Asker: 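Mind looking over this structure? Questions follow.
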Protein chains: 2
Amino acid sequence: MEQFIPILKKSKLFSGVRDDEISSMLSCLGASFREYKKGEFVLRQGERLSSILVLAEGNLHIQNDDYWGNRSILGEISPGEMFGEAFVTSESETLLNDVAAVTDSAVVSFDVKRVLTTCSSACRFHTIVVQNLFCEISEKNRKLVRKLGYMSKRTTREKLISYLSEQAKKQNSASFSIPFNRQQLADFLSVDRSAMSNELCKMRDDGLILFERNRFTLL
Amino acid sequence: MEQFIPILKKSKLFSGVRDDEISSMLSCLGASFREYKKGEFVLRQGERLSSILVLAEGNLHIQNDDYWGNRSILGEISPGEMFGEAFVTSESETLLNDVAAVTDSAVVSFDVKRVLTTCSSACRFHTIVVQNLFCEISEKNRKLVRKLGYMSKRTTREKLISYLSEQAKKQNSASFSIPFNRQQLADFLSVDRSAMSNELCKMRDDGLILFERNRFTLL
DNA sequence: GCCTTTCTGTTGTAAAAACAACCGACTTTC
DNA sequence: GAAAGTCGGTTGTTTTTACAACAGAAAGGC
């Protein structure tokens with residue numbers, strides 16, 4: 001487990017926690033670790049979850065496939081990000097989505113309930129981690145709200161504009177890369193890929209954007 | 001403020017906290033209270049927020065109106081529910097939506113940062129409230145994920161079915177009321193009201209559902 | 001009661017998206 | 001380096017939605 005301390009140290013959840021504190025938390029919380037091959041499922045819809053997970057390396061998609069094979073991508077997880085946290089508090093509710101490894105990935109998991117329930121809050125790291133936990137779950141919340149913003153737009157063009165604008169803002173530049181290919185972006189925005197591809201080209205012809213592969217520029 | 005203790009006691013945030021503990025928290029956290037008339041805005045998009053809010057009575061909508069007057073309803077707040085919590089942790093980010101009073105409402109606000117930052121976690125209520133806070137923000141998170149589930153459906157019919165099924169499940173009955181009228185439901189699902197109304201009738205003709213006003217039965 | 005406002009359903013038309021099929025460019029694999 | 005697979009773009013058709021305008025029912029005010 002020790003090899004992940006540098007990675008965990010950079011994660012938002014352990015931000016501000018010293019190496020030796022992380023180390024003691026890992027053993028205290030019975031942290032475990034697992035690797036996943038590209039395409040493998042880290043979590044499956046309908047499962048129950050009792051641990052919080054942090055992606056150590058790789059890339060994950062939170063997604064959902066219906067009977068007819070239509071995929072919907074809820075979000076994307078980058079290294080250092082926490083996931084699954086919203087489902088550990090509910091005894092009754094099961095996972096609403098699959099989590100799949102887009103590339104070979106490594107995941108660290110541990111029982112965050114213990115962070116919240118043990119009365120050892122006197123320790124410095126407990127206080128910090130609880131705050132970090134709250135910050136990161138809030139951020140996830142805002143991410144979902146922003147996504148609902150894109151999805152509530154009525155036309156594909158509006159969805160694209162709101163998503164791309166947000167990315168430009170986030171990356172502080174009119175030129176930026178997105179973490180999706182065309183099919184994935186379409187699944188993320190819940191539109192048809194070919195129709196979206198078509199709309200992107202129209203937007204380029206209208207002088208709104210430039211793009212090449214997953215790199216976009218807003219004009 | 002004291003008059004709200006019975007209401008706050010029933011809220012999820014203070015679940016498991018004794019009256020006298022709530023009382024001391026209120027003063028400790030400098031809780032304040034305000035009433036809003038029907039139609040008034042409790043929060044406006046773009047504002048910064050430093051307090052967590054709890055609805056004591058009435059009904060609120062988290063919503064967003066674009067330039068052309070198209071409204072999008074993100075969610076609905078019932079008495080006892082917390083809101084605004086996802087925006088207190090971010091110094092930089094401003095509110096993404098308005099919060100409007102659908103009926104005359106009363107709101108209690110207090111600085112939850114103090115719950116998290118003070119080192120007085122030794123007190124019983126601090127521990128409980130932090131746990132409650134985590135549970136409720138997780139629940140909010142799941143609510144958003146569920147909403148994204150409805151919105152990711154491609155057709156109005158599918159959106160309606162997924163939303164109505166979820167309500168039936170939540171209320172544990174094939175017959176249930178929803179907290180929206182037609183226009184509000186359309187704004188919630190981001191579809192056109194008349195088209196949705198039309199689709200509902202087709203679904204009734206197809207023997208899928210029965211409805212009258214805001215009461216629905218799944219068949 | 002009567003008037004006004006709000007709510008819901010209906011219809012027709014125009015616009016947009018989904019769907020399906022295909023093509024060429026580029027990658028990967030053996 | 002040939003074959004298979006992936007990716008992005010294009011086109012035409014069908015389906016669905018948005019939009020607009022209207023009408024009847026229900027609710028609320030005076």
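Throughout, a chain's letter reflects where its sequence line sits, starting with A, and its residues are numbered from 1. The structure presented is a predicted model; accordingly, all values stated were derived computationally and were not measured. Only this structure's heavy atoms are used, side chains among them; waters, hydrogens and symmetry mates stay out.
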Asker: Atom CZ of B/Phe211 to atom P of C/dC7: distance rounded to whole Å?
Answerer: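 Nearest whole value for this atom pair: 17 Å.
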Asker: Closer than 4.0 angstrom, basic N to acidic O: yes or no for B/Asp104 and B/Lys37?
Answerer: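 Salt bridge: yes.
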Asker: Could you tell me the separation between the NZ atom of A/Lys202 and the C1' atom of D/dG9, rounded to a whole number of Å?
Answerer: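 Computing the A/Lys202:NZ to D/dG9:C1' distance gives 13 Å.
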Asker: Rounded to the nearest Å, what distance is computed from the NZ atom of residue A/Lys153 to the P atom of nucleotide C/dA16?
Answerer: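 Between P of C/dA16 and NZ of A/Lys153: 17 Å.
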Asker: Check this for me: does any side-chain nitrogen of one of A/Arg34 and A/Glu40 sit under 4.0 Å from a carboxylate oxygen of the other?
Answerer: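 Yes, charged N to carboxylate O under 4.0 Å.
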Asker: In Å, rounded to the nearest 0.5 Å, how long is the span from CZ of B/Arg142 to CG of A/Leu95?
Answerer: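 Taking CZ in B/Arg142 and CG in A/Leu95, the distance rounds to 10.5 Å.
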Asker: Taking the side chain of B/Cys201 as its heavy atoms from C-beta onward, which of D/dA18, C/dA17, C/dT10 lies nearest to it?
Answerer: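 Closest of the options to the side chain of B/Cys201: C/dT10.
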Asker: With no angle test and no hydrogens, is the base of D/dA20 tied to the side chain of B/Ser194 by a donor-acceptor pair under 3.5 Å?
Answerer: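 Flag set: donor-acceptor pair detected.
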Asker: Could you state the CD-P distance from A/Glu212 to C/dC26, rounded to the nearest angstrom?
Answerer: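 Result: 10 Å.
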Asker: Give one of base, sugar-phosphate or nothing for A/Ser197, where a contact means two heavy atoms less than 4.0 Å apart.
Answerer: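 Touches a base.
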Asker: Regarding A/Arg44 and A/Asp98, does a basic nitrogen lie under 4.0 Å from an acidic carboxylate oxygen?
Answerer: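 Between A/Asp98 and A/Arg44 there is a salt bridge, with a charged N closer than 4.0 Å to a carboxylate O.
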Asker: Which comes earlier along DNA chain D counting from the 5' end, the contact point of B/Glu199 or that of A/Phe180, where each point is its nearest nucleotide?
Answerer: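 Upstream on the strand: A/Phe180.
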Asker: Got a donor-acceptor pair under 3.5 Å from the side chain of A/Arg204 to the base of D/dG9?
Answerer: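 Donor-acceptor pair under 3.5 Å: no.
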Asker: My understanding is that only residues two or more places apart in sequence, or in another chain, count here; which of them pass side chain to side chain donor-acceptor pair (under 3.5 Å) with B/Glu139?
Answerer: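 Applying side chain to side chain donor-acceptor pair (under 3.5 Å) to B/Glu139 gives B/Lys12.
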Asker: Could you check how far CG of B/Leu200 sits from C1' of D/dT17, rounded to whole Å?
Answerer: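 For the pair B/Leu200 CG and D/dT17 C1', the rounded distance is 14 Å.
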Asker: Expressed in angstrom and rounded to an integer, what is the separation of B/Leu210 atom CG from C/dG9 atom P?
Answerer: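 Computing the B/Leu210:CG to C/dG9:P distance gives 13 Å.
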Asker: For the helix from C/dG1-D/dC30 to C/dC30-D/dG1, what angle separates the axis at the start from the axis at the finish, each from five pairs, in steps of 10°?
Answerer: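 Inter-axis angle at the ends, rounded: 60°.
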Asker: Salt bridge between B/Asp206 and B/Arg157, side-chain N to carboxylate O under 4.0 Å?
Answerer: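 The answer is yes: the pair qualifies as a salt bridge.
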Asker: Rounded to the Å, how far apart are A/Glu158 CD and D/dT17 P?
Answerer: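 In whole Å, D/dT17 P lies 17 Å from A/Glu158 CD.
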Asker: Is the shortest side-chain N to carboxylate O distance from B/Asp66 to A/Arg154 below 4.0 Å?
Answerer: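 Answer for the salt bridge query: no.
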Asker: Please report the distance, rounded to the nearest Å, between CZ in A/Phe216 and P in D/dG8.
Answerer: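 Result: 9 Å.
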Asker: Below 4.0 angstrom, N of the basic side chain to O of the carboxylate: do A/Lys143 and A/Glu76 qualify?
Answerer: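 A/Glu76 and A/Lys143: not salt-bridged.
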Asker: State whether B/Arg182 places a side-chain N or O below 4.0 Å from either non-bridging phosphate oxygen (OP1 or OP2) of C/dG9.
Answerer: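 For C/dG9, OP1 or OP2 has a side-chain N or O of B/Arg182 closer than 4.0 Å.
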Asker: If you assign B/Arg193 and B/Met196 each to the DNA chain D nucleotide with the nearest heavy atom, which residue ends up on the more 5' nucleotide?
Answerer: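 Of the two residues, B/Met196 wins.
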Asker: Any side-chain N or O of B/Asn198 under 4.0 Å from OP1/OP2 of C/dT10?
Answerer: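 For B/Asn198, the contact criterion (side-chain N or O under 4.0 Å from OP1 or OP2 of C/dT10) is not met.
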Asker: Scan B/Asn181 against the nucleic acid and name what it touches under 4.0 Å (heavy atoms): base, sugar-phosphate only, or nothing.
Answerer: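 Sugar-phosphate contact only.
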Asker: Looking only at side-chain atoms of A/Arg213, point me to the closest of D/dC19, D/dG8, D/dT10.
Answerer: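 Shortest atom-to-atom distance from the side chain points to D/dG8.
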